Amino acid sequence: MRKLKNSFIAAFSGLKDTLLEERSFKIMFITAFLVVATMFYFPTSRIKKVALLLMIFSVLILELINSIIERLLDFIHPFPNGQVKIIKDLMAAVVLVVSIGAAIIGLVIFLPYL
């Protein structure tokens with residue numbers, strides 16, 4: 001039971017650090033909160049809520065993975081490097097594509113209410 005508790009403490013510590021230090025994650029987290037609030041304000045169906053939550057968690061998870069990879073690359077190769085830049089750009093592109101998809105899904109769901 002102690003190991004489980006320590007695992008949760010570590011996970012929440014990582015989430016707190018991410019919220020404090022990663023500007024992009026902070027913006028996405030605030031946006032997610034606003035989408036959830038909007039989702040409950042408008043009479044959205046259960047399936048639409050599930051779709052929105054899936055997209056929210058997909059974006060947040062990918063942003064966390066992006067942050068992990070960036071920090072790892074900065075640790076392994078602290079000096080400017082063309083290959084490291086390409087990897088970081090590709091990870092940013094992954095997050096961008098999913099974010100655009102999430103925005104499109106959000107517009108499809110919420111536009112009829114606006």
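Count residues from 1 along the sequence. Because the structure is predicted, anything quoted here is derived from the model rather than measured.
The main-chain N or O of I9 is never found under 3.5 Å from a side-chain atom of S13 such that the two would form a donor-acceptor pair.
A single hydrophobic cluster is not seen to contain both I86 and L72; linkage of ILVMFWY side chains at heavy-atom distances under 4.5 Å, directly or through other members, places them apart.
Note that NZ of K88 is 11.5 Å distant from CD1 of I69, once rounded to the nearest 0.5 Å. To the nearest 0.5 angstrom, M91 atom CE is 12.0 Å from L96 atom CG.
Residues E21 and R71 have side chains in contact (heavy-atom distance under 4.5 Å, counting atoms from C-beta outward).
Qualifying side-chain contact (heavy atoms from CB on, under 4.5 Å) partners for S45, counting only residues two or more places apart in sequence or in other chains: I47, K48. Legend: residues meeting side chain to side chain donor-acceptor pair (under 3.5 Å) with K49, ordered by chain and number and at least two apart, are absent.
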Show me the donor-acceptor pairs, under 3.5 Å and distance only, between side chains in residues 52-67 and residues at least two apart or in other chains.
residue : atom : partner : partner atom : Å
S58     : OG   : L54     : O            : 2.7
S67     : OG   : E63     : O            : 3.1

Donor-acceptor list for residues 24-41 side chains, cut-off 3.5 Å, not counting sequence neighbours:
residue : atom : partner : partner atom : Å
T31     : OG1  : I27     : O            : 2.8
T38     : OG1  : L34     : O            : 2.8

Under 3.5 Å, sequence neighbours excluded: what are the donor-acceptor pairs made by side chains of residues 76-83?
residue : atom : partner : partner atom : Å
H77     : ND1  : F79     : O            : 3.0
H77     : NE2  : N81     : ND2          : 3.1
N81     : OD1  : Q83     : N            : 2.7
N81     : OD1  : V84     : N            : 3.1

Determine all donor-acceptor pairs shorter than 3.5 Å in which one atom belongs to a side chain in residues 101-114; sequence neighbours excluded.
residue : atom : partner : partner atom : Å
Y113    : OH   : P43     : O            : 3.1

